[in-house]
Structure formats: structure tokens, C-alpha cells
Protein chains: 2
Amino acid sequence: MGSGMTDDFERMWRDLEPLGRSATSGGYFRQPFLPAETELRHWFTEQAHARDLTVDVDDLGNLTAWWRRDHSSPEDAVVTGSHLDSVLDGGAYDGPLGVVSALAAVDLLRSRGFRPTRPIGVSVFVEEEGSRFGLACLGSRFATGSLSWEAARELRDRDGIFLPDALHASGLHSHDNIGMDDETGPAGDRGDELRRRIGVFVELHVEQGRDLVDRGSAIGVASGIWPHGRYRFDFRGAANHAGTTRMEDRADPMLTYAMTALAANKRARLAGQRATFGRLDVAPNGTNAIPSRVTAWLDARCSSDDALLTLVEAITDQAASRAERDGTSLEVTAESVSGRVEFDAGLAALVAADHAGGDWPVIPTQAGHDAGILSAAGIPTAMLFVRNPTGVSHSPAEFASMPDCLVGVSALADTLERLAR
Amino acid sequence: MGSGMTDDFERMWRDLEPLGRSATSGGYFRQPFLPAETELRHWFTEQAHARDLTVDVDDLGNLTAWWRRDHSSPEDAVVTGSHLDSVLDGGAYDGPLGVVSALAAVDLLRSRGFRPTRPIGVSVFVEEEGSRFGLACLGSRFATGSLSWEAARELRDRDGIFLPDALHASGLHSHDNIGMDDETGPAGDRGDELRRRIGVFVELHVEQGRDLVDRGSAIGVASGIWPHGRYRFDFRGAANHAGTTRMEDRADPMLTYAMTALAANKRARLAGQRATFGRLDVAPNGTNAIPSRVTAWLDARCSSDDALLTLVEAITDQAASRAERDGTSLEVTAESVSGRVEFDAGLAALVAADHAGGDWPVIPTQAGHDAGILSAAGIPTAMLFVRNPTGVSHSPAEFASMPDCLVGVSALADTLERLAR
């Protein structure tokens, strides 16, 4: 990889640095169809055009930049990419690293004089984090047909804005290859068209744990993704005055929630799984008022589908029995559940094999990814992870060193070359 | 009390019914200096003018309507009143019942042909609930000189709006008897002027518990107010990915908070005191992110100042030791603490004595009131409570029956007559 390549990679990285960044925390917030994310999408389109790549936009705003789209049968494209949105106060790498590395890998392949016999696509999927409409991997679910337009159009953000209105407001209806009609749904089924084009999918992503740090490897290849569910717990009680209401006369949903949060943590810890309550909404949320309602979202991930079911049932049972004691009520709604993903083992072996430092390690991950959705849709899929020295992600402390990122670009280019030659 | 009186009382009540009411919950939200509260203040001024009462406005917007202000020495006025603001999703009675009853009591005294020898004032104090600027009894603290303009002007609401700007935005600077100047502070010290005028203060308020229900009495007289403190607990940890971060590698402030909320409840319950966490702010508040910060507000009230100190120390100690275990940190800030209030016992006896059904019961309360602030400032003060059949307050379920309310008006009129003749 020449120094020109390195410069180009670093330049793209600097382009993205200020977009959606908080001046106070240094973290990012790039929600779909809002100004920062719209700017990122424009940036991607410009980068693609500068490379003579043709950009497709589907009805949900998923972007794909094509190298040699028209020289191939529809089913055998080699597609790479990731997402550009972020959680609130997230890091710089989660998502964008895969997109920037994909563009840089195209540059590297061209500098090697490589001419693909299969088309190569670079995709940007919308709303991978689910931070706005509550459904993780929204874009890739739509692109693979697992989420219909009829279901997507009913999604609302926290301010009650419907997805089609958010698309509209961001100017996405103005793309000339969008045939959106809010009354009748999209004119075409472009999600399905992308799925029919993809022969194989590869996503490069920053690692979100410390596995590669422990293994001393810059790069890893994913074996699979743990099952993952998001569940909304609505605890309801009786609003009352915090001073005059005797403790024994209360129906305080905050207590039921608090015990549930502790129970979820303990059960997950003992079972070697993951359970987190990181998002809350309290009503009326006043200092001198016992709440009438506490809504809390459980994020649970386990090594198997059975383990996930068992964990969530145990937490729900414990919460329900505490609710009885507190005189409160509990309703649990599964907002999204993704089953275990096993990536194509042969493909993982191909991606991992014969690099400068030997084979890359093949490791599981507990984070959801667009790659998981594509794999579940039957597309042979692989993932490359780039080492994160802090192990921290979804935080401004998320990091990958420039040398590791450049090894990532090479590894991705090698993979694309192996698949597309 | 004639049927004309009853009609007038009910008419005033109907005037107030729609102002600041939520169409969904039926609860009220009347924050100081925002449209609903501004409308309420205009309504009060109109009502006063319709009764030929002269209205004073102090520099913070506290209103006093005077009957015979100019026929008296400055120190011996009999003042009654309450507040018109509410908590979020609060009830109709907490505050407005005291104001409407005061105006109705003036009507009743006039219909009796009563001619006061001391001036009678009806006051409306701003921001009793502390829902906007976080300091309960803001108006009465200012009116009694316990809160200076220099301190008041530094207060900010949750959106970062400074108090003087909020006053300005609500049009309060346009009152011709306001000499506000944002640079130099108010021209006069009208708070102090009100304090010098008041010889005795009486507040009528809906009861916020079930004591009068248990006693079978429509009316009670307050003996005193429990000490009350509001404390901000800032729990800090490390934001991280909810999936990839092993449970044992976390520094999750949600856990420290959850244990603290349970501990506060248990300690208060065992000690017969009150402790409530009803307000929370979580950062970044995302489903798939371990929080970096949980801020929770403790509302604590105890039968004595010592008991309050002991309770809050015990909760803080328990929270700090859990924080050590969780790898999180804790900072506790007392946002407001009010010591025990003992109302004037002789005055309470006078107010309670010799009513149609015998003496009214004299009972303590756990709720803060403007009356407590006036009492603490050395003004002989009494409170009348009107029975609340639900015992619930700070909620749409807060209630007082019309017959009980009318007994309240009579009791208040009797009290004013005893004091002002």
C-alpha cells in the first residue's frame, strides 16, 4: 500500500471527523435522515462519483456504489460496506470505518491494476444502530426483504415522526431513482433488486471488545453473531406526592424497575451472557412526584437462541413477581429479536487464510451488524474486525490505530480480489 | 353561604379548568412564566379588579390583591393565598384551591357586611412546585427576603434559560410597577415590602394525604411541616457497547443508581420517613449503550431535622459503597433543604376553634408550602387543609368535593374575620 493510498485514506477520515460531532463530549450523533447523516450520505456519493462508481439509492435510502455493475449477471456481485449512522455520543469508527475502508480498498485494487470479473459494490445501509426508529439494521432488513415497506412506513421516531416523513424531510424523495409515493408505497422493490445482485457480502468493522487485543492480532474474521433482543419493559404504578404519601401506601414503578435492572445484571453475569438497561423514560419525571410510569429497554444477547429465551424469561418472571409486591404492573414487548447468525464457514476460512502474519483468528461477536441480516437472508457473508485497543465502543473512547486501519484496508482488498477475480 | 356565593366559586373553578390541562391525561402542567401560568395570572388580576382590589406585583412576579391596603399601618395586614403553578401532570387543586377560596372568602365576608379594620391581601406566589427552576417556593422565598435577586437571577431551567429571561419573555417586565433592570437588578426590594406589610399569613390547601379522610373531617389545621430536602445524585461510569462488553468489565452507573433507589425506599420505610427517586436523566440513554451517567434526584422528608440528616447520610453511604463495587463514582449535591416548620400554635388554635362541627383537627404535613417559608421568616402563619378523598396529589386523581371546598371557603372567611376585625 503506497503512501498515496495512505494519504487518501487519511483524507477521507478527516472529511468525516467533524460531521455530527459534539463539541463538548467529542462523541458523535448521526441519526438517519437528519442533517449530519445527510451530509455523510452526500459525502459518500461524491466519493463514489470521484471514483467513477455508479450510485444506486433504494427506497429507504440505502446507497450502493458500483464498480462494473453492467458487466455481469445480476446474482454474483461482491458487495462490501457498512453504515454511517451512530448511537448518541458514539465513536468515530463504528460504521464509517467499513465504508471508508471499502472505498480505500477499491483504490488499492485499482492501483494494483486489478480488473474484477464480477461487479464490486460498496453499500451504505441506513439506521444500523436503531437509534431513531428503534429497529436495528433497518436499512439492511429492508434491502434483504425481511422488512417490508408496509412495516417500515409505520415506524415512528421518539418525536412521533413517521419514517416516510423523515425520508421526505431529508430530501430523499428528490433522488431521481426514487419512485416513492407515500400513498401507495414505493414504485419498485429496490431492496429486493439489491438482494438479487449480491453474490457475497463482506463487512469490515471496528472490533467492539478486546478479543483481538488479547490475541495480539490487528485483524479478525467473524465466525458468527450472538442472538440479540431488545425488549421494552413498561412498569406502571400510581403517581402521587413524594412527601405526603406514606411509603407503605405507594405503588412506585421505580422500585420494580430498579430491582429488575439489578436482577438482569446478576443473571447475565452468572450465565456469561449480556443484559443491559441503558435507556429509560420516566413519567412525570418530577423530583417531588412518585412516577406513574417507568419505561426501560432491555438489551439482551446470549451465546444461543435458547439461552436468550431463558434469560429474558427469567428477568421477566422476577420483574413480574416484584411488581406484585410493589402494587405495580408490568408489560414486556419484544421490539426486535435476531436469532443466532453463523457466517459461511468456508468463506470465513478463505478470508482468514494466508495473510502476511499467518491466518487471521476467527472469533464470535456479540454485536449486531448489517452483515448478520444479509447472512440470515441466505447471502454468503463474512466480517473482518479491526483491533480496538480500548475495547470500548458506542463511546467517544472507541478507537483503532491508523496502522491497524491500513492493515484492515489491505485485508479487505485481498478479500475482494479473491472473491471477484 | 348563599347560592350566589356557591355559583361564584364554581364559576371561578370552571374558568381555571382548561388552563394548562393535558388532553390525554387530564393532568395539568403550569410552569411559571409560560403561557398557561401567564393566563392564570391574568385571570387572577381580572378577578381582583372585578372586586375593586388593588394588585401589587413584585419583581419576581408574585401578585397580591389588596382589600383596604391604604387604611392601615404597614405591618399588620392579614394575608391569605397560595400558588397557581403545578407539577408536570399535576392535579387541579394543589395551589389554585387556596387562591380561588381566598377570593371567595373575600366575597363571603363582604356579603356578611364585614368591614376589616386591618388590610386583607390575597397573594399568588410564583413557582411553588419548583418544577421549572428547581427551587421549591421560589416566589415566597423571594417575597420574604430569604432568596436575593442576585441568587434568583442565576437560576436556570432545564433548557438553560435564566430566570430574568423567562420573566422578560412572559411580558412581566411590562408591568408598570416593575423596575427590573437585568444589568443592575431590581430597582426596589418589593419582596421586602410585602414582608413588612404582612402581620399574619393563612394558606388554604388541598390535603395531600388521607389524614382527614381517616379522621372524618372536611377541614384540618396544620401544626407544622416536616423538614424536606432535594438532593441530586450524579452517578458516573463508562459508556460502552451493551453487547460486546462483558458484564465483569463494565462500570455501569445504572446499577449503582438502582441499588440506591431500593435502599432509599427501604430505609425510609423502616424509619417511618419519606424518600423518593422520581426524576432521572440518563446519558446517552440508548438501548444498546451502557450509560456513562445516571443523574437521579432524591426527595427526602422526615419528622425532624436530625432524622433527615441521618436518612440522607445513610442513603449516600450505601450508594457510595455500591459505587466502589461497580467501579462508578457518585457526587451528591443538596439542591434545596428546608428545616422543620412549626406553625404558630396560638394561631392554629384560634383558626381551629369553635366551628360548626367542633374544633378542626390540628395535624402535621409532609408537603412543603409557601406558608412554611413565611413562617420560617418569622411571620405568624396558619394553614387550613381541605379533605382529599383519594389522598392522591401531584396527579390527575387529586380531588376535593365541592361541599368540602365550600366548607373550606367558610373556614377561611371565619379565620380572616377573626384576624382582621
Side-chain angles (χ1 to χ4, degrees), chain A residues 27 87-90 129-131 134 136 207-210 226 228 230 238-249 252 254-255 257-259 261-262 265 268-269 274 276-280 282-292 297 299 301 365-368 391-395 397, chain B residues 27 87-90 129-131 134 136 207-210 226 228 230 238-249 252 254-255 257-259 261-262 265 268-269 274 276-280 282-292 297 299 301 365-368 391-395 397:
Chain A
V87 295
L88 174 58
D89 215 29
E129 300 290 2
S131 72
E207 199 198 1
Q208 297 177 284
R210 297 173 53 82
W226 281 19
H228 172 208
R230 296 176 180 209
N240 214 333
H241 191 287
T244 54
T245 318
R246 288 177 300 191
M247 305 311 285
E248 52 270 37
D249 292 343
D252 185 351
M254 187 67 86
L255 303 178
Y257 163 67
M259 196 287 300
L262 293 172
N265 181 273
R269 185 160 32 84
R274 313 274 192 271
T276 308
F277 280 102
R279 179 180 169 199
L280 278 179
V282 179
N285 208 31
T287 305
N288 56 357
I290 299 163
S292 59
W297 282 261
D299 183 300
R301 319 202 191 201
T365 177
Q366 293 76 32
V392 171
S393 75
H394 286 191
S395 147
Chain B
V87 296
L88 174 60
D89 215 31
E129 301 289 3
S131 71
E207 199 198 0
Q208 297 176 285
R210 297 175 51 84
W226 281 20
H228 172 207
R230 293 175 182 212
N240 213 332
H241 192 287
T244 55
T245 317
R246 288 177 301 191
M247 303 312 285
E248 52 271 36
D249 292 343
D252 185 350
M254 188 67 88
L255 303 177
Y257 162 67
M259 195 287 301
L262 293 172
N265 182 274
R269 185 160 33 83
R274 312 275 192 273
T276 309
F277 280 102
R279 179 181 167 198
L280 278 179
V282 179
N285 208 32
T287 305
N288 57 357
I290 299 163
S292 58
W297 283 262
D299 183 300
R301 319 202 190 199
T365 176
Q366 293 76 32
V392 171
S393 74
H394 286 190
S395 149

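Just the heavy atoms: all of them, side chains too, but no hydrogens, waters or symmetry mates, feed the values below. A note on names: the letters A, B, ... follow the listed sequences, proteins ahead of strands, and every chain is numbered from 1.
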Problem - Shortest non-hydrogen contact from N240(A) toward G391(B) - result: OD1-O, 3.9 Å

Exercise for the section: Heavy-atom pairs under 4.5 Å with chain B are the metric here; pick the option from D89(A), V87(A), T365(A), N265(A) that has the most. Expected result: N265(A)

Completion exercise
The interface call for E207(A) against chain B, heavy-atom contacts under 4.5 Å, is neither

Problem - Partner chain A: residue of Q366(B), M259(B), R269(B), R274(B) with the largest heavy-atom pair count (under 4.5 Å) - result: R274(B)

Practice task
Please state whether the side chain, the backbone, both or neither of V392(A) comes within less than 4.5 Å of a heavy atom of chain B.
Solution key: both

Handout entry: Main-chain N/O of N288(A) paired to H394(B) side chain as donor or acceptor, under 3.5 Å
Key = yes

Practice task
Nearest 0.5 Å please: distance from the OG1 atom of T276(A) over to the CG atom of D252(B).
Solution key: 7.0 Å

Problem - From T245(B) atom OG1 to Q208(A) atom CD, the distance as rounded to the nearest 0.5 Å - result: 8.5 Å

Problem - Atom group of M254(B) that falls short of 4.5 Å from chain A, counting heavy atoms - result: side chain

Handout entry: Options P291(A), G209(A), A242(A), ranked by heavy-atom pairs under 4.5 Å with chain B, top entry
Key = A242(A)

Problem - Proximal component of R246(B), with respect to chain A [non-hydrogen, under 4.5 Å] - result: both

Exercise for the section: Considering non-hydrogen atoms only, spot the tightest contact between A261(A) and A258(B) and give its length. Expected result: CB-CB, 4.2 Å

Completion exercise
Heavy-atom closest pair (L262(A) atom, L255(B) atom, distance to 0.1 Å) is CD2-O, 3.6 Å

Handout entry: Contact origin within R301(B) toward chain A - heavy atom pairs under 4.5 Å
Key = side chain

Completion exercise
Most contact-rich option vs chain B, by heavy-atom pairs under 4.5 angstrom, among L280(A), N285(A), T287(A), is N285(A)

Exercise for the section: Taking all non-hydrogen atoms of both residues into account, name the closest pair between R279(B) and G286(A) and its distance. Expected result: CB-C, 3.8 Å

Exercise for the section: Over all heavy atoms of both residues, which pair between T244(A) and S393(B) is shortest? Give the atoms and the distance, please. Expected result: OG1-OG, 4.3 Å

Handout entry: From OH (Y257(B)) to OH (Y257(A)), nearest 0.5 Å
Key = 8.0 Å

Fill in the blank from the handout: Applying a strict 4.5 Å limit to non-hydrogen atoms, the region of S131(B) in contact with chain A is neither

